[in-house]
Amino acid sequence: MQVLVRDNNVEQALRVLKKRMQREGIFREMRARTSYEKPSEKRIREEAEAIRRHRKLARKKLQREGLLPAPKKVVRPR
């Protein structure tokens with residue numbers, strides 16, 4: 001994974017790198033590999049993640065169809 005450093009702005013490049021690593025799931029994988037996970041625990045965790053993903057997709061589908069209200073947008077002052 002590569003990130004370009006522009007105008008010697010290393011802080012911004014680090015932020016971009018961390019965001020990309022977060023999106024790819026590298027931090028989650030590193031945390032998972034630090035200790036052994038029993039196969040039964042792994043199966044339970046993966047099933048829970050699949051259920052969570054499915055519910056999220058169903059909720060988004062209902063919001064697109066107008067059956068659920070859309071989440072309120074957070075306005076952040078600059």
Side-chain angles (χ1 to χ4, degrees):
M1 189 174 296
Q2 289 183 343
V3 176
L4 297 176
V5 179
R6 296 186 182 131
D7 300 328
N8 290 331
N9 195 348
V10 178
E11 289 81 18
Q12 182 181 6
L14 274 174
R15 279 196 307 263
V16 171
L17 177 65
K18 286 181 181 179
K19 188 178 285 189
R20 284 187 188 177
M21 290 173 70
Q22 182 76 31
R23 197 176 305 135
E24 294 290 325
I26 294 175
F27 289 126
R28 190 181 321 119
E29 184 176 340
M30 285 178 7
R31 196 176 311 120
R33 288 176 184 244
T34 56
S35 60
Y36 178 73
E37 184 178 25
K38 289 171 46 179
S40 61
E41 293 174 348
K42 180 179 179 182
R43 185 175 60 246
I44 290 170
R45 178 182 51 81
E46 288 177 348
E47 287 175 0
E49 288 175 356
I51 290 170
R52 207 174 304 122
R53 262 194 320 272
H54 184 268
R55 284 182 181 162
K56 184 176 182 181
L57 287 174
R59 186 171 54 245
K60 284 190 172 195
K61 181 181 176 185
L62 290 174
Q63 287 174 350
R64 276 196 304 270
E65 293 173 357
L67 299 175
L68 280 178
K72 295 180 181 176
K73 294 185 179 181
V74 177
V75 179
R76 295 182 182 147
R78 291 188 176 215

One thing to verify: whether R20 and E24 come together as a salt bridge, which I'm taking to mean a side-chain N less than 4.0 angstrom from a carboxylate O.
no

Out of curiosity, does M1 fall in the hydrophobic cluster containing M30 (side-chain heavy atoms, cut-off under 4.5 Å, transitive links)?
yes

Honestly curious: do I51 and I44 fall in one hydrophobic cluster under the side-chain, below-4.5 Å linking rule?
no

When every non-hydrogen atom of P69 is compared with those of Q63, the smallest separation belongs to O-NE2, 3.7 Å

Measuring from atom NZ of K18 to atom CG of L14, what distance do you get when rounded to the nearest 0.5 angstrom?
6.0 Å

Identify the two heavy atoms, one from A13 and one from V5, that lie closest to each other, and give their separation to 0.1 Å.
CB-CG2, 3.7 Å

With side chain to side chain contact (heavy atoms under 4.5 Å, CB included) as the test, pick out the partner of E41 among R43, R45, K38.
K38

State, to 0.1 Å, how close Q22 and F27 come at their nearest heavy-atom pair, and which atoms those are.
OE1-CD1, 3.4 Å

What heavy-atom pair brings Q12 and N9 nearest, and what distance separates the two atoms?
OE1-ND2, 3.1 Å

Only one of K56, R55, E49 forms a side chain to side chain contact (heavy atoms under 4.5 Å, CB included) with R53, so which one is it?
E49

